[in-house]
Every structure is written in structure tokens, then in C-alpha cells.
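Protein chains get the first letters and strands the later ones, always in sequence-line order, with residue 1 at the start of each. Scope of the values below: all heavy atoms of this structure, side chains included, with no hydrogens, waters or symmetry mates.
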Amino acid sequence: MTNNLKVPVKVLFFAKARELSGRKESELEIECSLTYECLLDTLVKEFSLELVENHLILAVNQEYKSAGHNIVLKAGDEIAVIPPLSGA
Amino acid sequence: MTNNLKVPVKVLFFAKARELSGRKESELEIECSLTYECLLDTLVKEFSLELVENHLILAVNQEYKSAGHNIVLKAGDEIAVIPPLSGA
Amino acid sequence: MDSIKLTNVKLSVEEISDLVASPSCGAISLFVGTTRDNFQDKKVVHLEYEAYEPMAEKALKTICRDMREKWQVENIALYHRLGVVPVKEASVVIAVSSPHRAESLLAVQFAIDALKSSVPIWKKEVYDTDTPQWKSNSECAWAS
Amino acid sequence: MDSIKLTNVKLSVEEISDLVASPSCGAISLFVGTTRDNFQDKKVVHLEYEAYEPMAEKALKTICRDMREKWQVENIALYHRLGVVPVKEASVVIAVSSPHRAESLLAVQFAIDALKSSVPIWKKEVYDTDTPQWKSNSECAWAS
């Protein structure tokens with residue numbers, strides 16, 4: 001089952017997500033192909049992000065991803081957990 | 001004929017009008033009540049402003065005046081000959 | 001607070017920005033008019049500005065009043081330099097602070113348009129070889 | 001020229017204005033975002049900014065590219081301060097020069113809107129007595 005092949009990725013946390021997860025970054029083994037929703041759900045559970053899960057977006061290798069799409073990951077990819085922006 | 005009563009006024013020239021008249025300011029005896037057009041015409045002839053007469057506006061005591069109105073002057077009033085603005 | 005100034009001294013954007021800054025405001029918008037080095041095919045050496053000073057100050061105050069009628073702004077600075085202004089230097093600096101940004105952005109745009117159409121200030125462009133020329137703003141009602 | 005910077009150092013409006021000044025331009029428009037001393041009834045002591053720096057720089061470059069597609073502008077500077085920003089000081093300075101003023105005025109307005117909605121930077125408001133709070137821009141699609 002190729003769907004179950006796992007790859008190591010880097011996960012970055014910012015702002016409130018950084019505070020909730022208690023860390024700036026982490027390593028994680030995760031399926032190399034999964035839906036956006038599944039990826040988000042995994043990260044929320046793994047890193048205690050329940051409090052903000054409805055107000056997060058994920059970026060993969062510095063590109064915003066959006067719900068309803070499949071995400072393909074390879075070893076070393078950088079996933080960022082991005083709370084609502086508040087720059088300026 | 002009260003209309004012919006003349007009063008002494010100060011006339012100020014700026015920019016191109018200053019250059020054409022050859023002076024920054026002048027004194028003039030002029031009717032105390034006259035139309036805007038008559039006032040403009042008098043100034044144009046008196047101070048050699050023919051070259052710019054279609055692109056001037058007059059101010060009396062630092063207020064813009066406009067064509068089609070009567071102008072009432074008293075001694076010491078300040079008339080400014082104002083070419084097209086080009087500030088900023 | 002409204003700060004209005006006609007001056008022969010070089011304008012400092014920083015100073016004027018600091019002047020309008022306010023602890024209750026999140027936004028400062030500024031417009032800086034600078035001297036261009038060319039007009040059509042002519043090389044501009046510098047600009048020379050003159051003003052009908054007391055009337056220009058009144059007209060600038062009127063612009064401040066009109067801005068405050070239209071938008072909730074905190075501090076306004078309208079500075080115009082007179083005399084010779086070399087290429088690249090500022091002839092005008094407009095700065096407005098407001099609690100939120102939309103107001104100051106719109107107010108600055110209004111102010112520069114109003115300044116060009118109503119304030120008795122004149123600019124002569126001095127070229128390297130051609131005869132100097134008095135300019136006229138398209139915003140001025142009696143320009144054409 | 002596009003100048004993009006994320007920095008822990010205090011921002012200088014003058015320096016950034018000089019940076020975008022161009023002899024072929026008559027206009028520089030600037031927006032300065034400053035720290036307000038209050039939010040609702042709370043007294044703000046300072047702001048703390050953090051960024052996903054490499055992605056924020058990419059997003060700022062995208063804003064420059066979009067501005068140039070829409071308007072004829074000469075130089076663009078997008079500077080955002082990170083770390084602690086005290087009350088009244090600038091967290092962001094946007095500066096744009098253009099031959100004529102309409103372009104830079106519109107471009108600055110676009111840039112600040114785009115920055116708020118797309119650049120991964122976050123701000124925590126620190127109050128005198130209440131718990132610090134992460135803010136969210138209403139321009140951000142996933143804010144609510």
C-alpha cells in the first residue's frame with residue numbers, strides 16, 4: 001500500500017500555534033500522500049492545536065495550501081502551521 | 001457720480017505676471033466699484049499682462065474672485081494677480 | 001494638530017513624520033513631491049518656487065479643515081518648500097496620522113489634489129539650455 | 001528596484017524615502033504603520049512581531065511584482081520590523097516612487113492591503129495588566 005509509505009518532514013509553528021505546541025519546530029513521520037484535511041487533523045492532534053484548528057492554514061515548502069486538495073510530501077519537506085496573519 | 005470715486009489699492013504680481021509687469025507690487029488708483037472684467041482689463045493694460053490675460057485670476061484681500069461679479073474696493077485693499085497655480 | 005509651513009529650508013520627511021505621529025494612531029500616510037530631472041526632452045537643473053505667502057497659508061488651513069470634515073484624522077502636516085529646490089529633493093511633504101489607515105491614505109490623496117488646485121504657489125522649471133518656464137497644474141481651474 | 005527587509009532595527013522613514021527617491025520621479029508615497037497605545041479599553045505597552053522569514057520575503061516580492069503589473073512605479077521599499085516595537089514607533093514602512101503621483105498613491109494602498117492579507121507575519125499585543133493577545137488581520141482569509 002503506497003499510501004501508507006511514511007516520510008520524515010519538518011513542521012514549523014508560529015505565533016499562537018507555537019505557544020500551544022510549545023515548540024518552534026518539530027520532526028514528524030507522515031504519509032507521503034494525504035488530503036489537506038487529514039494532514040491538518042494529524043498536526044492538530046499531534047501538537048495540541050485544537051484551540052485554533054479552525055483558524056489555521058498550512059503551507060508546504062513556503063506555499064499556502066488549501067482545503068479540498070491532496071498533498072504529496074517527500075522527505076525533508078517543510079510544513080508550516082500558520083495562524084491568522086497580523087503583520088503591519 | 002459715486003461710480004467714479006477712485007481709491008488707492010495695492011496690486012501684487014506673482015510668477016509670470018511678476019516678470020511681465022517687471023515688479024512685485026504696485027500702487028494704483030481705481031474705481032471703488034467695478035465688474036471683475038473691468039478690473040482685470042484695467043490691470044492687464046496698466047501692467048502689460050496681455051500675454052497671460054486669459055490665464056489669470058484675481059484675488060482681493062486674499063480671496064479668489066470670479067468673472068461675472070461686481071467688485072467693491074476700499075482704500076488699502078490688496079489685489080493679487082494670480083497666474084495658473086503650480087505648487088507641489 | 002495642524003502644522004503648516006512654507007520654508008526655504010530643506011524638508012525632512014523623518015521630522016514631519018515624527019511630528020504627526022500619535023500614540024493613539026496606527027497609521028501615518030505621507031506624500032513627498034520631488035523634483036524630476038526632466039520635462040519632455042529637456043534636462044531640468046532645478047525648480048524655483050514662489051508663493052503668495054499669507055494667502056497660501058490660509059489656503060493650506062482650508063485644506064486641513066476640509067480634510068477634518070471628511071475623515072477622522074489626528075494630526076496633519078502640510079509643508080511646502082520655496083526658493084530653489086534641486087533635483088530629487090522634496091518640494092512638498094504631506095503627512096497625516098489616523099487611528100486606522102484608510103482615513104490617512106484618502107486624506108493625503110485629497111490634500112495633494114487640493115494643494116495643486118487651490119494654493120497660490122508657483123514653480124519655474126530651470127533647464128540646462130532652454131529658457132526657464134513657469135509651469136501650471138492641470139488641477140488649476142484657470143490653467144487652460 | 002525592489003527593496004525588501006525584515007529587521008529588528010528601528011525603521012527610519014527618511015532613509016527609506018531616500019532609498020526610493022529617483023531623479024526621474026516626481027512623487028514618493030509612503031505608509032507608516034505605528035504602534036497604538038490602546039486596544040479597546042486596554043493599555044498597550046508594546047507589540048511583538050514574528051515572521052516566517054523566508055516565506056514572508058517571498059510574499060513581499062510577490063507584492064512588488066503585482067504592483068509593477070498594475071502601475072508604472074519606479075522604486076519600491078517594503079520594510080517590516082520584527083521583535084519588540086514600542087508605542088508610536090513604526091512596525092512597517094512602505095515607500096513607492098513614480099513619475100506621477102497617482103501611481104505611487106494607489107500602489108502604496110494596494111501594498112499595505114496585500115501585506116496584511118498575505119505575508120506570514122504575526123503580532124502579539126502586550127498590555128499593562130491584561131494577558132497578551134495574538135492579533136489577526138481582518139484582511140486575512142482564515143481569520144474568522
Side-chain angles (χ1 to χ4, degrees), chain B residues 9-28 35-44 47-69 71-74 76-88, chain C residues 4 6 11 31-36 39 47-63 78-82 85 90-94 108-125 131-144:
Chain B
V9 298
K10 191 156 96 172
V11 187
L12 305 179
F13 304 92
F14 296 96
K16 184 86 175 173
R18 176 175 54 70
E19 291 183 347
L20 288 171
S21 72
R23 67 195 92 186
K24 280 189 167 183
E25 59 177 87
S26 187
E27 299 281 334
L28 186 73
T35 63
Y36 177 93
E37 286 73 12
C38 180
L39 176 59
L40 181 59
D41 197 51
T42 305
L43 295 172
V44 164
F47 298 106
S48 316
L49 302 171
E50 289 81 2
L51 214 64
V52 291
E53 67 176 313
N54 295 324
H55 301 287
L56 291 179
I57 204 165
L58 300 176
V60 178
N61 297 333
Q62 300 170 19
E63 294 212 349
Y64 294 118
K65 297 295 171 187
S66 49
H69 290 81
I71 310 273
V72 176
L73 297 167
K74 58 188 191 307
D77 276 355
E78 184 174 285
I79 300 175
V81 176
I82 305 210
L85 306 179
S86 47
Chain C
I4 279 168
L6 300 172
L11 300 177
F31 177 82
V32 182
T34 53
T35 300
R36 296 175 58 177
F39 174 68
L47 302 181
E48 287 173 23
Y49 284 91
E50 70 180 70
Y52 181 10
E53 297 198 28
M55 185 172 171
E57 284 170 2
K58 272 193 197 173
L60 290 169
K61 279 177 199 154
T62 300
I63 293 174
L78 304 178
Y79 278 49
H80 204 299
R81 189 165 164 191
L82 301 177
V85 181
S91 53
V92 67
V93 177
I94 293 172
V108 162
Q109 200 152 356
F110 169 85
I112 179 65
D113 290 345
L115 192 154
K116 289 196 163 235
S117 69
S118 71
V119 180
I121 298 178
W122 298 270
K123 161 170 61 192
K124 185 156 80 169
E125 247 172 27
T131 314
Q133 201 176 340
W134 289 101
K135 308 295 288 183
S136 70
N137 291 336
S138 58
E139 297 82 357
C140 172
W142 60 98
S144 56

Minimal heavy-atom distance between B:Gly87 and C:Lys116, with the atoms involved, is O-CG, 3.8 Å
Under 4.5 Å to a heavy atom of chain B? For C:Ala51 that would be backbone
Whether over 12 other heavy atoms sit under 6.0 Å from B:Glu50 CD: yes
When the 4.5 angstrom heavy-atom criterion is applied to C:Tyr52 and chain B, the contacting part is both
Heaviest contributor of heavy-atom pairs below 4.5 Å to chain B, chosen from C:Ser117, C:Ala56, C:Ser118, C:Ala90, is C:Ser118
Bottom line for C:Ile112: the part with an atom under 4.5 Å from chain B's heavy atoms is side chain
Rounding to 0.5 Å, atoms CG (B:Leu85) and CH2 (C:Trp142) come to a distance of 4.0 Å
In terms of heavy-atom pairs under 4.5 Å with chain B, the winner among C:Ser91, C:Gly33, C:Pro120 is C:Pro120
Between C:Lys124 and B:Glu19, does any NZ, NE, NH1 or NH2 come within less than 4.0 Å of an OD or OE carboxylate oxygen? yes
Turns out that what part of C:Thr34 lies under 4.5 Å from chain B's heavy atoms comes down to neither
*Can you tell me if C:Tyr49 uses its side chain to pair, donor with acceptor, with the backbone of B:Ala88 under 3.5 Å?*
yes
So, the part of B:Ile82 with a heavy atom under 4.5 Å from chain C: the answer is both
Cut-off 4.5 Å, heavy atoms of chain B, and the answer for C:Lys58 is side chain
**Message:** Tell me whether C:Trp122 contacts the main-chain N or O of B:Phe14 through its side chain, where contact means a donor paired with an acceptor under 3.5 Å.
**Reply:** no
Here the gap from C:Gln133 atom CD to B:Lys16 atom NZ, rounded to the nearest 0.5 Å, amounts to 8.0 Å
Note: B:His55 and C:Ala143 closest approach over all heavy atoms is ND1-O, 3.3 Å
